[in-house]
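Note that the structure is predicted; figures quoted are calculated from it, not measured. So you know, we letter chains A, B, ... as the sequences are listed, proteins then strands, and number each from 1.
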Number of protein chains: 2
Amino acid sequence: MKKKIYVHVADDHKILIEGIIAVINTDKEIEIKGCSLTGQEVIKWFANKKNSADVLILDLTMPVLDGFEVLKHFKKNKIDQKVIVLSSYDDLKIVQEVLSLGCKGYISKNSAGEHIVNAIKAVANDEQYFSTDIQKMLLKSLSGQKVPSGKMPEKFLLDSLTEREIEVLKLITKQYSTTEMADLMNLSTNTVETYRKSLLKKLKVKNAVGLAMYAVKHKIV
Amino acid sequence: MKKKIYVHVADDHKILIEGIIAVINTDKEIEIKGCSLTGQEVIKWFANKKNSADVLILDLTMPVLDGFEVLKHFKKNKIDQKVIVLSSYDDLKIVQEVLSLGCKGYISKNSAGEHIVNAIKAVANDEQYFSTDIQKMLLKSLSGQKVPSGKMPEKFLLDSLTEREIEVLKLITKQYSTTEMADLMNLSTNTVETYRKSLLKKLKVKNAVGLAMYAVKHKIV
DNA sequence: TTTTACCTCACCAAAAACAGTGATTAATAT
DNA sequence: ATATTAATCACTGTTTTTGGTGAGGTAAAA
């Protein structure tokens, strides 16, 4: 019998935690050592010297403190905690961000539950682990290919807009047409259209209405 | 041995589905009869006469068609399907909305997994079921107390416009194109365009973005 | 120094939106 | 009985948006 692997699970949805526990319990080698519903709880739990876990399964979107904050906390305080991120986001930038923050594995929530068990074992054994969709994405980017942007938290989307794009976005919400904007900004209509297309792509919406709704939601207007 | 209860699960996150299945499998009385990842899949599944389920567990946020649209489809086509909504939203208006659309139970994703089993049994037995947090909220509102608004998607209500126009307006804010609306509402594109033009005239705006902004301004967003 | 990000513009093609006019039916109100 | 309103659809246009590809210049960063 190998040594047991102890795991801590953090996600704001209890039901998902229970699902993970159910999946993990099918494997005798792994044991749950506790779970948290917020990033704050995670940090508190690991701050207690009586607590420890070989692997932390970490969701990125949680109230109070999110997964990014937890990873930053570990890095800042030089706590060498093995972390597997379990997220519904599948954007390259997000993956790169958490990897730079020291996470050792990344599993998309869209992948099958068995992957969690494999990931835990790999990471506990000082390897890295990525679910197949994430693996493909990383390989693609390493081979220099462009990776289309995927689902990601909105705070990242906002940052990715340039000044000009935000200008155009504001004018769109004021019902300006492309020619009117080009006039006002002293640009060619082609240029304005380029920004328009770039906005659609970056914010992952279908049309100008989607842009307007996004702008409202994020108080850009 | 009682008669088995057959259940269909719809959620865009496979892992959550697996979690639910794991929880449900602890109870011999209940059996999974299929699952869907989008609202469109749900509708298609139930449209097939070979398929049926006593209870549908329904997420509200799904791609292609969301949970609201699924409930609307059932109501419109007078399909008497027992539905339990499983959502991360905990706003009173959302709960009222889905109840008015005929749903029989509402479980917050923050509640423990055992509730799902209880909910399924209750609803299969023609009762209603709400997780404790939702119950508290409903009681509070029934006793006339104000309920603070919780997490919710974008919703609104409007006057002076006809029902059909409001429907179209709602869909426009969701980035539907005219053909998509015509498809969904079983109308000709000409008709939908008529509503569109009528909206532009009545609300005195230039384009679809103006409509969307109006919708936002005159409602709860 | 090389790479990357941003701003700028062009050309092409298809899809969608916008504009106006008019018409039928059914229900409702006067 | 008649007028109004809502819902439905058609025909014919023009304008705008959307999608894709490509590319030059500049400034900052690695």
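Close to D:dT17, at under 4.0 Å from its OP1 or OP2, lies a side-chain N or O of A:Thr178.
Taken over five-pair windows at either terminus, the axes of the helix from C:dT1-D:dA30 to C:dT30-D:dA1 are inclined to one another by 50° (rounded to 10 degrees).
DNA chain D is contacted by no residue of residues 167-174 of chain A, taking any non-hydrogen atom closer than 4.0 Å. Against DNA chain C, the stretch residues 187-197 of chain B makes heavy-atom approaches under 4.0 Å through B:Glu193, B:Arg196, B:Lys197.
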Applying side chain to side chain contact (heavy atoms under 4.5 Å, CB included), run through B:Ile57 and B:His8 and close with a yes or a no. CA-CA 6 Å; B:Ile57 310 282; B:His8 187 98; over 6 Å; no
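Considering only residues two or more places apart in sequence or on other chains, B:Ile32 meets the side-chain contact (heavy atoms from CB on, under 4.5 Å) condition with B:Val9, B:Ile21, B:Ile24. Scanning for salt bridge (charged side-chain N to carboxylate O under 4.0 Å, His left out) contacts around A:Lys121 gives A:Asp27, A:Glu29, with sequence neighbours left out. B:Gln81 is linked by a side-chain contact (heavy atoms from CB on, under 4.5 Å) to B:Phe46, B:Leu56, B:Phe74, B:Ile79, B:Val83, counting only residues two or more places apart in sequence or in another chain. In this structure A:Asp80 satisfies the salt bridge (charged side-chain N to carboxylate O under 4.0 Å, His left out) test with no other residue, sequence neighbours excluded. Considering only residues two or more places apart in sequence or on other chains, B:Glu180 meets the salt bridge (charged side-chain N to carboxylate O under 4.0 Å, His left out) condition with A:Lys206. Partners of A:His73 by ring pair (Phe, Tyr, Trp, His ring centres under 6.0 Å), not counting sequence neighbours: none found.
Among B:Leu60, B:Leu58, B:Thr38, the one residue that satisfies the side chain to side chain contact (heavy atoms under 4.5 Å, CB included) test with B:Val70 is B:Leu58.
Rounding to whole angstrom units, NZ of residue A:Lys206 and C1' of D:dT18 are separated by 11 Å. When the C1' atom of D:dT15 is taken as reference, atom CD of A:Glu180 falls 12 Å away, rounded to whole Å. Computed from coordinates, the B:Leu161 CG to D:dA6 C1' distance equals 13 Å when rounded to whole Å.
Read 5' to 3', the first and last nucleotides of DNA chain C with an atom closer than 4.0 Å to a heavy atom of chain A are C:dC6 to C:dC11.
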Under 3.5 Å, which protein N or O atoms sit close to an N or O of nucleotides 24-27 of chain D? Give each pair with its distance.
none

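For the residue pair B:Ser88 and A:His13, no side-chain donor N or O sits within less than 3.5 Å of a side-chain acceptor on the partner. Donor-acceptor pairing under 3.5 Å is recorded for the side chains of B:Tyr106 and B:Ser87.
The main-chain N or O of A:Phe130 is found under 3.5 Å from a side-chain atom of A:Gln135 such that the two form a donor-acceptor pair. With hydrogens and angles ignored, the 3.5 Å screen pairs a side-chain donor or acceptor of B:Asn51 with a backbone N or O of B:Trp45. No side-chain donor-acceptor contact under 3.5 Å links A:Asn125 to the backbone of A:Glu127.
Map B:Met185 and B:Asn207 each onto its nearest nucleotide of DNA chain D; the residue landing nearer the 5' end is B:Met185.
Residue pairs satisfying the salt bridge (Lys or Arg N to Asp or Glu O under 4.0 Å) criterion with at least one member in residues 35-49 of chain A, sequence neighbours excluded, are absent.
A salt bridge does not link B:Lys33 with B:Asp54: every distance from a Lys NZ or Arg NE/NH1/NH2 to an Asp or Glu carboxylate oxygen is 4.0 Å or more.
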